[in-house]
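Data first, discussion second: the structure below is written as structure tokens.
As the structure is a computational prediction, the values presented were derived from the model and not from experiment. Below, chain A is the first sequence line, B the second, and so on; all start at residue 1.
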Amino acid sequence: MAHWLFKSEPSAYSIDDLAREGRTEWSGVRNYQARNLMKAMKVGDQAFFYHSNATPPGIVGICRVAAEAHPDSTQFDSKSPYHDAASTPERPRWECVDVAFVARLPRIVTLEELKARRELAGMAVVQRGSRLSVQPVAAAEWKHIVMLARQGASNG
DNA sequence: GCCAACGTTGGC
DNA sequence: GCCAACGTTGGC
């Protein structure tokens, strides 16, 4: 089972929003690399929920893929900020998965902590300048972060 | 609010 | 196909 990370600005859509709604279409992604990663997701895959542009930025929860990639409904909506005039229902350009809430982490694991961990140095989210909003997470990275969240803040 | 890094667009 | 200009992301 693969693991992933979804970024969201909490002012736009937070872990609390997902907890309340239970499930949502991860619409609005307009980056080909992120789209391709979503197309590779399988139902049941688990993902971290990351708050970007937050104070502090970091991983706050876990969600799971509830539906495989399907055309992103917002691309056809002329009133949506994510409308794409070049996309048609016959030839949709953008796809997205549905995600469901699983849990909040016991505590936020901040970007600062992620950066401080040698074991996590390969993660896209800690790369300077990485703007990819959907990212793969290696199994070892997943375990490490879950452990960090459980054991509390650490300087090691 | 600033600005570096990045992806996309479009002129040529 | 190149690359400058532009818009966006996201940490700080």
Given the options A/Arg35, A/Lys39, A/Arg30, A/Arg93, A/Asp72 meets salt bridge (Lys or Arg N to Asp or Glu O under 4.0 Å) only with A/Arg30
d([atom1], [X]; [atom2], [N]) in whole Å:
X: A/Arg93; N: B/dT9; atom1: CZ; atom2: C1'; result: 12 Å
X: A/Asn31; N: B/dT9; atom1: CG; atom2: P; result: 11 Å
X: A/Gln33; N: C/dT8; atom1: CD; atom2: C1'; result: 16 Å
X: A/Arg128; N: B/dA4; atom1: CZ; atom2: C1'; result: 7 Å
X: A/Asp84; N: B/dT8; atom1: CG; atom2: P; result: 12 Å

Provide the full list of side-chain hydrogen bond (donor to acceptor under 3.5 Å, both in side chains) pairs with a residue in residues 4-21 of chain A, sequence neighbours left out, each pair given once.
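Sorted pair list: A/Trp4-A/Asp45, A/Glu9-A/Asn53, A/Tyr13-A/Glu21, A/Ser14-A/Asp17, A/Asp16-A/Arg104, A/Asp17-A/Arg20.
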Whether A/Glu119 side chain and A/His144 backbone form a donor-acceptor pair below 3.5 Å
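Pair absent, no side-chain N/O of A/Glu119 close to backbone of A/His144.
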For the backbone of A/Ser87 and the side chain of A/Gln75, can you confirm whether one donor and one acceptor N or O come within less than 3.5 Å of each other?
no
Are A/Ile108 and A/His51 packed together at the side-chain level, in the sense that at least one heavy-atom pair is separated by less than 4.5 angstrom?
no
Tabulated below should be each protein N or O lying under 3.5 Å from an N or O of nucleotides 10-12 of chain C; please produce it.
from   : atom 1 : to       : atom 2 : distance (Å)
C/dG10 : OP1    : A/Lys7   : NZ     : 2.8
C/dG10 : OP1    : A/Arg131 : O      : 3.0
C/dG11 : OP1    : A/Tyr50  : OH     : 2.7
C/dG11 : OP2    : A/Asn53  : N      : 2.9
C/dG11 : N7     : A/Asn53  : OD1    : 3.4
C/dC12 : OP1    : A/Lys115 : NZ     : 2.9

Looking only at heavy atoms, what is the nearest atom pair of A/Gly28 and A/Thr74, with distance?
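Shortest heavy-atom separation between A/Gly28 and A/Thr74 comes out as N-OG1, 4.0 Å.
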